[in-house]
Amino acid sequence: MRGFGDIAERLRRSTVQIFNGATNKDARSQGSGIVWNAGGLILTNAHVARTPEAEIELWDGRRFHARVASRDPRRDLATLRIVVNDGALEPATPGDSTSLRPGELVIAVGNPLGFAGALSTGVVHSIGALPGMGGQSWIRADVRLAPGNSGGPLANADGRVIGINTAIVNGLGVAVPAHSALDFLRRGAAPSLGVVLRPVDLGLLLLGVDREGAAANASLLPGDILLTRYDALTTALDSGRPTLRLHFLRGDGKRVHEAVVRLADAGEAAA
C-alpha cells in the first residue's frame with residue numbers, strides 16, 4: 001500500500017524526539033512531540049515537558065534548543081518553541097476528533113525506548129471519560145505504545161492528527177483528543193492546583209506540591225489530605241470561580257483545616 005506508506009512517512013516527519021535538559025547527543029529521549037506549525041511550535045504532553053528547557057530532534061537528525069511555552073498538567077498537554085531559520089519544518093495536519101468513532105483505523109507514531117519514528121496501527125476502542133482521570137474525554141485505542149511514545153501523534157487513516165498519545169491504561173493506548181489540544185492552544189491551560197494527588201479513604205492525599213502553584217500559595221503541604229473526591233475537585237476547578245475553599249486534614253488528622261486557593265487567571269501560566 002504505497003498510499004499508506006506515504007501517510008506514515010509524513011507523520012514521521014512531523015514527529016520529534018524530546019530530550020529534557022539534554023546538552024549532548026548521548027542523552028536519552030524523554031518522549032515525543034508533534035510539529036504543530038511551521039513557526040516552530042511543538043505540541044506534546046505536560047509529563048514529557050517536565051523542565052523549562054529541552055532539546056528537540058527532528059526526523060532528519062537536526063537538533064534545536066527549545067523552551068517550554070505553556071503547560072496544562074490536568075489535560076497533560078504542553079507546548080515548546082524552537083527557532084528554525086530556514087523554516088524547513090513539516091507540520092502535522094489536525095483532524096476532527098469530535099467525529100471519531102469506535103472501530104476507526106488509527107496510526108500512532110513516536111519514539112518508544114528511543115527508537116525513532118516507530119509506527120503502530122490499531123482501531124479506536126472507545127471515547128469518553130476514564131475513572132480517576134476527571135470528566136474530560138479520552139481516546140482509547142488498541143495501538144502498541146511504550147515509554148517514549150508519549151506526546152506523539154495519533155492519526156486517522158488520512159494521516160490527520162486526532163489525538164496526542166499520553167498513556168497506557170489496562171493495555172489500551174490513551175490519547176488526548178485533538179479538539180482538547182486545540183482548546184488548550186486557543187485558551188491556555190485549565191485551572192490547576194499544582195499538586196500530585198493520590199486517592200485515599202478520606203479524600204485526596206497530596207503527594208507533591210509545586211512550589212509556584214496555587215496550592216503552595218495557599219500553604220498546602222505534601223501529606224495534607226483534601227476532603228473531597230477527584231471528580232468533585234475537577235468540577236470545582238472548572239466552575240470559573242477565581243477562588244476555591246478546600247477543607248483538609250494535616251498531621252494527626254484530628255482537626256479539619258480550611259484553605260482559600262486563588263486560581264490562576266486564564267491568561268496566566270498554569271503549572
Side-chain angles (χ1 to χ4, degrees), residues 14-37 39-59 61-85 89 91-92 109-118 133 145-153 163-168 174-176 180-181 184-185 187-198 206-217 220-222 263-264 267-271:
S14 300
T15 304
V16 304
Q17 288 197 72
I18 297 176
F19 301 80
N20 276 318
T23 57
N24 61 73
K25 184 70 176 178
D26 296 326
R28 295 183 62 187
S29 172
Q30 300 299 312
S32 304
I34 307 167
V35 178
W36 204 251
N37 63 36
L41 183 69
I42 308 296
L43 179 66
T44 187
N45 289 141
H47 78 264
V48 172
R50 296 191 302 268
T51 56
E53 300 183 356
E55 295 288 322
I56 301 294
E57 184 172 301
L58 303 183
W59 67 275
R62 287 181 295 160
R63 274 219 179 191
F64 297 89
H65 178 75
R67 292 184 181 276
V68 174
S70 58
R71 294 181 77 252
D72 186 340
R74 285 182 55 204
R75 287 182 286 196
D76 202 3
L77 293 169
T79 57
L80 302 94
R81 286 201 173 273
I82 61 175
V83 177
V84 183
N85 295 325
L89 291 176
V109 180
N111 305 288
L113 306 175
F115 187 83
M133 295 180 69
L145 302 180
N149 273 111
S150 291
I164 295 85
N165 293 314
T166 298
I168 303 169
V174 174
V176 182
S180 293
F184 163 60
L185 294 172
R187 301 170 55 186
S192 171
L193 293 182
V195 295
V196 178
L197 300 169
R198 185 179 72 191
L206 301 188
L207 296 178
V209 178
D210 185 342
R211 289 180 295 178
E212 298 181 356
N217 291 334
L220 289 167
L221 301 172
L263 300 176
E268 296 180 18

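To the nearest 0.5 Å, atom OG1 of residue T15 and atom CG of residue N111 are 7.0 Å apart. Distance CZ/R63 to CG/L58: 10.5 Å, rounded to 0.5 Å. Note that CG of L43 is 6.0 Å distant from CG of L77, once rounded to the nearest 0.5 Å. In this structure, CD in E55 is found 10.5 Å from CD1 in I82, a value given to the nearest 0.5 Å. Of the inter-residue distances, the one linking S150 atom OG with I164 atom CD1 reads 12.0 Å to the nearest 0.5 angstrom. If you take CG on L185 and CG on N37, they are separated by 9.0 Å, rounding to the nearest 0.5 Å.
In terms of heavy atoms, F19 sits closest to E57 at CE1-CB, 3.8 Å. When all heavy atoms of R211 and A216 are compared, the pair lying nearest together is O-CB, 3.7 Å. Contact record, V109 with N149: C-ND2, 4.0 Å, taken as the closest heavy-atom pair. Between G151 and I34, the shortest heavy-atom contact is O-CG1, 3.5 Å. For the pair S32 and G110, the tightest heavy-atom approach, listed with the atom from each and the gap, is OG-CA, 3.5 Å. For the residue pair A49 and A78, the shortest heavy atom distance occurs at CB-CB, 3.9 Å.
Two residues are said to be in side-chain contact when any heavy atoms from C-beta on lie closer than 4.5 Å; R67 and R81 fail this criterion. Here the side chains of L206 and V196 are not in contact, with every heavy-atom distance at 4.5 Å or above.
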- Task: Before giving the answer on side chain to side chain contact (heavy atoms under 4.5 Å, CB included), spell out for V35 and V16 the whole-Å C-alpha distance, their side-chain angles and the decisive distance to 0.1 Å.
- Result: CA-CA 7 Å; V35 178; V16 304; 3.7 Å; yes

- Item | Audit row: L220, V195, side chain to side chain contact (heavy atoms under 4.5 Å, CB included) steps and yes/no | CA-CA 9 Å; L220 289 167; V195 295; 5.9 Å; no

- Assess whether side chain to side chain contact (heavy atoms under 4.5 Å, CB included) is satisfied between V68 and T79, documenting all intermediate values. CA-CA 6 Å; V68 174; T79 57; over 6 Å; no

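With sequence neighbours excluded, no residue forms a salt bridge (Lys or Arg N to Asp or Glu O under 4.0 Å) with R198. I168 is linked by a side-chain contact (heavy atoms from CB on, under 4.5 Å) to L145, counting only residues two or more places apart in sequence or in another chain. Every side-chain contact (heavy atoms from CB on, under 4.5 Å) that T166 has, sequence neighbours left out, goes to N45, H47, D76, W138, V176.
With hydrogens and angles ignored, the 3.5 Å screen pairs a side-chain donor or acceptor of R74 with a backbone N or O of P191.
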